[in-house]
Amino acid sequence: MAAAAAASRALWACRTASYLRISSFPRAFSTVLKDLKYADTHEWVKVEGDSATIGVTDHAQDHLGDVVYVELPEVGSTVSQRTNFGAVESVKATSDINAPVSGEIIQVNDELSEKPGFINGSPYEKGWIIKVKISDPSELNSLMDDEKYKKFCEEEDGKH
């Protein structure tokens, strides 16, 4: 009887993992794009003229798990480098989103209210969070390029 119960639990766990798309196999290293800048709090920045698009990195979304809610700021408000402007809630945890650069928010990705999973499925395209008009371009110098960010993530993952 105990063996049947254990087998039943194992089958349930396997089906649940399959349904939730949970894998016990280690994943390849997360995607890091070349032309972006990265903060040590795992946000990315794409600079276009005097504005910047900001989101959370593939590495961050992978560690968060399935994103179920995104707290978005208001257009017209300002953000300061290294300060919180929103949050991402996943099945595992809630994490603050920090501004990698200072500026005025000129656009918010309202689609994330209905489709927060874009952060998981398309963190660098459909999953962007805000666009800001950069107030201090020199802050970009404190961010990492793709090679430094890859190394940073490898070292950080090695500590866990």
Participant: Can you name the ring pair (Phe, Tyr, Trp, His ring centres under 6.0 Å) partners of Phe152, sequence neighbours left out?
Facilitator: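 Result, ring pair (Phe, Tyr, Trp, His ring centres under 6.0 Å) vs Phe152: His42.
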Participant: Side chains of Thr57 and Tyr149 only: does a donor on one sit below 3.5 Å from an acceptor on the other?
Facilitator: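 Indeed, the side chains of Thr57 and Tyr149 share at least one donor-acceptor pair under 3.5 Å.
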Participant: To the nearest 0.5 Å, how far apart are OG1 in Thr31 and NZ in Lys150?
Facilitator: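 So the gap between those two atoms works out to 9.5 Å.
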Participant: Give the minimum heavy-atom separation between Ser80 and Ala99, together with the two atoms involved.
Facilitator: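 The answer is O-CB, 3.4 Å.
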Participant: List the steps and the verdict of side-chain contact (heavy atoms from CB on, under 4.5 Å) for Ser77 and Ile105.
Facilitator: CA-CA 6 Å; Ser77 58; Ile105 298 172; 3.4 Å; yes
Participant: Side chain to side chain donor-acceptor pair (under 3.5 Å) with Thr83: which residues, sequence neighbours excluded?
Facilitator: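 Counting only residues at least two positions away or on another chain, Thr83 forms no side chain to side chain donor-acceptor pair (under 3.5 Å).
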Participant: Which atoms form the tightest heavy-atom contact between Val101 and Ala52, and what is the distance?
Facilitator: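 What the structure gives for the nearest pair is CG2-CB, 4.3 Å.
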Participant: Not counting sequence neighbours, which residues clear side chain to side chain donor-acceptor pair (under 3.5 Å) with Asn120? List them please.
Facilitator: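 Checked Asn120 against side chain to side chain donor-acceptor pair (under 3.5 Å); matches are Gln61.
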Participant: Measuring from atom NE2 of His63 to atom CG of Asp58, what distance do you get when rounded to the nearest 0.5 angstrom?
Facilitator: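 Between atom NE2 of His63 and atom CG of Asp58 there are 9.5 Å.
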Participant: Establish whether Ile119 and Val32 are linked, either directly or via other cluster members, by ILVMFWY side-chain heavy-atom contacts under 4.5 Å.
Facilitator: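 No, no single cluster joins them.
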Participant: Show the atom names and distances, to 0.1 Å, of all donor-acceptor pairs under 3.5 Å that link a side chain in residues 130-140 to residues at least two apart or in another chain.
Facilitator:
unit_1	atom_1	unit_2	atom_2	d
Lys133	NZ	Asp50	OD2	2.9
Ser135	OG	Ser102	O	3.3
Asp136	OD1	Ser138	N	3.2
Asp136	OD1	Ser138	OG	2.5
Asp136	OD2	Ser138	OG	3.4
Glu139	OE1	Ser102	N	2.6
Glu139	OE1	Ser102	OG	3.2
Glu139	OE2	Ser102	OG	2.8

Participant: Can you tell me if CD on Gln107 sees more than 12 non-hydrogen neighbours from other groups inside 6.0 Å?
Facilitator: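 Check passes, neighbour count above 12.
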Participant: Is there a path from Ile54 to Tyr124 through hydrophobic residues (I, L, V, M, F, W, Y) whose side chains come within less than 4.5 Å of each other?
Facilitator: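 No, because Ile54 and Tyr124 fall into different hydrophobic clusters, even though each may have its own neighbours under 4.5 Å.
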Participant: If we count only N and O atoms by modelled type, under 3.5 Å, do the side chains of Ser95 and Glu89 hold a donor and an acceptor together?
Facilitator: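 Ser95 vs Glu89: no donor-acceptor pair found between side chains.
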Participant: Evaluate side-chain contact (heavy atoms from CB on, under 4.5 Å) for Glu156 paired with Asp40, printing each intermediate quantity in order.
Facilitator: CA-CA 10 Å; Glu156 189 177 72; Asp40 59 7; over 6 Å; no
Participant: Can you measure from OG (Ser142) to NZ (Lys37) and round to the nearest 0.5 angstrom?
Facilitator: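 Going from OG on Ser142 over to NZ on Lys37, the span is 9.0 Å.
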Participant: Within the distance-only criterion (no hydrogens, no angle test), does the side chain of Trp44 pair as donor or acceptor with the backbone N or O of Pro123 below 3.5 angstrom?
Facilitator: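 Pair found, side chain donor or acceptor close to backbone of Pro123.
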Participant: Kindly compute the distance separating NZ (Lys151) from NZ (Lys148), expressed to the nearest 0.5 Å.
Facilitator: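 Taking NZ in Lys151 and NZ in Lys148, the distance rounds to 11.0 Å.
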Participant: Flag yes if more than 12 heavy atoms outside Asp35 fall under 6.0 Å of its CG atom; otherwise flag no.
Facilitator: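 It does not: Asp35 CG has 12 such atoms or fewer within range.
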Participant: Got a donor-acceptor contact below 3.5 angstrom from the Asn109 side chain to the Lys126 backbone?
Facilitator: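 Judged by distance alone, yes, a pair lies under 3.5 Å.
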Participant: Once ring pair (Phe, Tyr, Trp, His ring centres under 6.0 Å) is applied, do any residues pair with Phe85, and if so which ones, sequence neighbours excluded?
Facilitator: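 Scan of Phe85 (ring pair (Phe, Tyr, Trp, His ring centres under 6.0 Å), adjacent residues dropped) gives none.
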Participant: Please set out all donor-acceptor pairs under 3.5 angstrom arising from side-chain atoms of residues 68-75, sequence neighbours excluded.
Facilitator:
none

Participant: Report yes or no: do Ile129 and Tyr38 belong to one cluster of Ile/Leu/Val/Met/Phe/Trp/Tyr joined by side chain heavy-atom distances under 4.5 Å?
Facilitator: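 No; Tyr38 is not reachable from Ile129 via cluster members.
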